[in-house]
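Read through the structure below, which is laid out as structure tokens, and then see the notes.
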Protein chains: 2
Amino acid sequence: MVEEPTKRARRGRAPAPAGRTGRPRQAEVARLAGVSQATVSLVLGGKQQGAAISQETRQNVLDAAGRLGYVPDPAARRLAAARNDLLGVFSFTATFPTDVQHSYYPFLVGVEREAAARGYDLVLFTGSSTGGAGAGGPHPLNRARLADGCLLLGRHAPVDELRRLVDDGFPVVHLGRRDEPEGLAWVGADYVSSSREVVERLASLGHRRIVLVREDDEAPASTDREQGFLEGLRVAELPETEAVFRSADPALDLTPERLRQWLAGGVTAFVAEETDSGGAWRALSTAVREAGLKAPRDLSLALLGSPPPDLADAPEPTGFDIPRAQLGAEAVRLLATLVAGEDVPERPVALVACTYRPGATAGPPPGARPAPG
Amino acid sequence: MVEEPTKRARRGRAPAPAGRTGRPRQAEVARLAGVSQATVSLVLGGKQQGAAISQETRQNVLDAAGRLGYVPDPAARRLAAARNDLLGVFSFTATFPTDVQHSYYPFLVGVEREAAARGYDLVLFTGSSTGGAGAGGPHPLNRARLADGCLLLGRHAPVDELRRLVDDGFPVVHLGRRDEPEGLAWVGADYVSSSREVVERLASLGHRRIVLVREDDEAPASTDREQGFLEGLRVAELPETEAVFRSADPALDLTPERLRQWLAGGVTAFVAEETDSGGAWRALSTAVREAGLKAPRDLSLALLGSPPPDLADAPEPTGFDIPRAQLGAEAVRLLATLVAGEDVPERPVALVACTYRPGATAGPPPGARPAPG
DNA sequence: TCCAGCTGTTAATGCGTATTAGTGATGCGC
DNA sequence: GCGCATCACTAATACGCATTAACAGCTGGA
């Protein structure tokens, strides 16, 4: 005679596996250890406070858990209003695009290291754009709530959803400056100071007229660089008029003729911003080459960021490096603070300094005497 | 006088867990729509089957949900569903090492894509080696049980723990051939056929004596290549004696003299295996260069795999490419099958073919007439 | 002897959702 | 007008864990 199947049994059968098969619950551990589920929770919760558990019981429970290979269910943990030691990583493009160049890899290096150091595992929310796990729901970002907190990569997260998370007090940290949803925590590179420093160094080499080449984009990363550039000019008491060359398509607008024109006008150094495409720098380099010029002999060049990888064999540009791994690590650190939720910084924002890269494309302006001293 | 804080209130305050803040639950939606929570669940669950909900009620619920901005709690959803739609990715080295070259990036490309397509998110278990989240427990691999199933990268997973998982019926797929724990599912590249094909092509170019250069390693990837190589010789009816040159340190043992010796003995083609370090291929290339020889003019070279990235500017070696992204995708596919648990393949193993790469380092042997036809 | 005060453990409950057994109400056939 | 389906929905329960009130056993002071 067959027992009427319990709900439990039925569940365990067909859709099966993830559930019952081999995954022990606290209840099983408890049974094996000869205690109650609550005791197991107390022991494994590892709370020092208020934990009045005898050494013996504790050991029994730990042994049992070990033998069964018990691992807490993250969803249950989370639901019970505790933490599950998971940090989410959310990007609205593929985290691992086919082309390594466009990936967040450098950041992830730091993210992984710091997360590991702090005892967190990472959840990669997939296919945020391509219709992955979250494609069903109209609120993909919401999946993030499964984790204790979430890192946001890229600028494409919809503001509304994001605001929602922030307002709900869900810990989120955006990688890269981002002002939009008020109160959003972010970690960014200090483009302003770094750009200023580059300009100051050029000035101290003797350059008196410097031009910034930038693309036509209002991203914070661009405007910050421009601000730093202008500050640098000001500090060095150099003219700011016509110092910024802005073009929607530098490859077209930045001709060798234009370049010679500048040189004739007394410009001796050029600074380009780094963008995803590297368009500004690429255009600048091309124009210089086509004009038959050479840096740093005929003019000085600097890049506010790292060169695109396909130009890796070119001489190393003077400029600065963005410490991406460090940014990633910093973001995790901040996120961990928010998750802990104890002493939330009033302005949950972190700026990381970039490191100056001497490089080989800048020197004294042509015709200048060797640097004094 | 301060009210004694209720549990509820305390929770909502400091750590600000997923909870209370203002986020509506199904219960609230239900109240607003004048129905029961269960009805809300049924409507929003979007199940066609068995859902006997009137059009009117359905609309009411949807309206209410919309007005409140209801969003399901993923933790609760997953708890109730007895699955969490998470696939683990476990490696015993950092998943994102500082050096991109040593990373699993190419695999992850495929893993992410396929996981997204199937609605899974990924859990990256951090610091599996460096003492991350799981360093405490003596059984780091156990953390994998947190997910519905787990992908294993790299060959360093301890057999005992692994066997444990497999025996428990926990879905695991190893990326790369692996026989050790009986019954372990894996996905690997078909090195045997691919290597054989390379040899056959060389033979059909007219080469009669071919030597394989390999490192002193017993990894399946190495032995498979050798097997394929030997099979290739056999098929082409070429001599197998002294055809395999095995060295613990090819950079030392593979001298230009040795090379000339071989050539003098009638060898016209060399095949190197690909390894992490690329040692064999590197040594071979160096020896050829130092001997003042050129491929394919003086001899033919082939590489059983992809060249190390730092040799990217060298002529493209003849050989085959390992479809890493495809391997990753295949692994996820297999893992998903195991997780679903319905029709588990009896032999949960998948071989993926490599694609032949014509390259530019192989041609007819010197002195041979042009290929007939 | 009795009770206050510990200590160590458990029973009970809640988190938000999915699922299923069950309940009225209605319609249908005869 | 009486069963009997069917329909539309609700009540109840489970999911796995954390948390807390409560309880049993014990000690020591009065």
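This is a predicted model, so every value here is computed, not measured.
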Tightest non-hydrogen contact, residues A/V349 and A/L334, listed as N-CD2, 4.3 Å
From D/dA18, C/dT17, C/dT10, nucleotide with atom closest to B/R25 side chain: C/dT17
Can you tabulate the close N/O pairs, meaning under 3.5 Å, that link protein atoms to atoms of nucleotides 22-24 of chain D?
none

Run the salt bridge (charged side-chain N to carboxylate O under 4.0 Å, His left out) test on A/R145 and B/D73 for me, step by step, so that the C-alpha distance in whole Å, both residues' side-chain angles and the decisive distance to 0.1 Å come before the verdict. CA-CA 7 Å; A/R145 294 183 194 262; B/D73 179 330; over 6 Å; no
What nucleotide among D/dG16, C/dT20, D/dT19 has an atom nearest to a side-chain atom of A/A76? D/dG16
Could you state the CZ-C1' distance from A/R78 to D/dT19, rounded to the nearest angstrom? 17 Å
Rounded distance in Å - CD1 (B/I53) to C1' (C/dT20): 13 Å
B/L165 versus B/V172, closest heavy-atom pair with distance: CB-CG2, 4.1 Å
Looking only at side-chain N and O atoms, does A/R77 come under 4.0 Å of OP1 or OP2 in D/dC17? no
In this structure, how many angstroms lie between the P atom of D/dC17 and the CG atom of A/L146, rounded? 14 Å
According to side chain to side chain donor-acceptor pair (under 3.5 Å), who are the partners of B/T39, at least two apart in sequence or on a separate chain? B/S36
What does the inter-axis angle of the helix from C/dT1-D/dA30 to C/dC30-D/dG1 come out as, five pairs per end, nearest 10 degrees? 70°
When all nucleic acid strands are considered with a 4.0 Å heavy-atom cut-off, which category describes B/V35: base, sugar-phosphate, or nothing? sugar-phosphate
In whole Å, what is the span from the CG atom of A/L44 to the C1' atom of D/dG16? 13 Å
Contacts of A/R77 that satisfy side chain to side chain donor-acceptor pair (under 3.5 Å) - sequence neighbours left out: none
Any donor and acceptor pair, going by atom type alone, linking the side chain of B/N84 with main-chain N or O of B/L146 inside 3.5 Å? yes
Could you tell me the separation between the CZ atom of A/R83 and the P atom of D/dG16, rounded to a whole number of Å? 23 Å
Assert: residue with more 5' nearest nucleotide on DNA chain D, out of B/S36 and A/Q37, is B/S36
Would you mind reading off the distance between B/L79 atom CG and C/dT19 atom P, rounded to a whole angstrom? 12 Å
Could you tell me whether the side chain of B/L153 reaches within less than 4.5 Å of the side chain of B/F90, counting heavy atoms only? no
Side chain to side chain donor-acceptor pair (under 3.5 Å) against B/D160, all qualifying residues, sequence neighbours excluded: none
Distance check needed: D/dA18 P versus A/N84 CG, whole Å only. 10 Å
With a 4.0 Å cutoff (strictly under), does any side-chain N or O of A/Q26 reach OP1 or OP2 of D/dA18? yes
What is the distance, rounded to the nearest whole Å, between atom CZ of A/R31 and atom C1' of C/dT10? 16 Å
Can you name the residues that form a side chain to side chain donor-acceptor pair (under 3.5 Å) with A/E330, not counting sequence neighbours? A/R333
Using a 4.0 Å heavy-atom cut-off across all strands, classify A/S41 as base, sugar-phosphate, or nothing. base
Taking side chain to side chain donor-acceptor pair (under 3.5 Å) as the criterion, tell me which of B/R25, B/E28, B/Q26 meets it with B/Q37. B/Q26
Touch class at under 4.0 angstrom, heavy-atom based, for A/T39 against every strand present: base
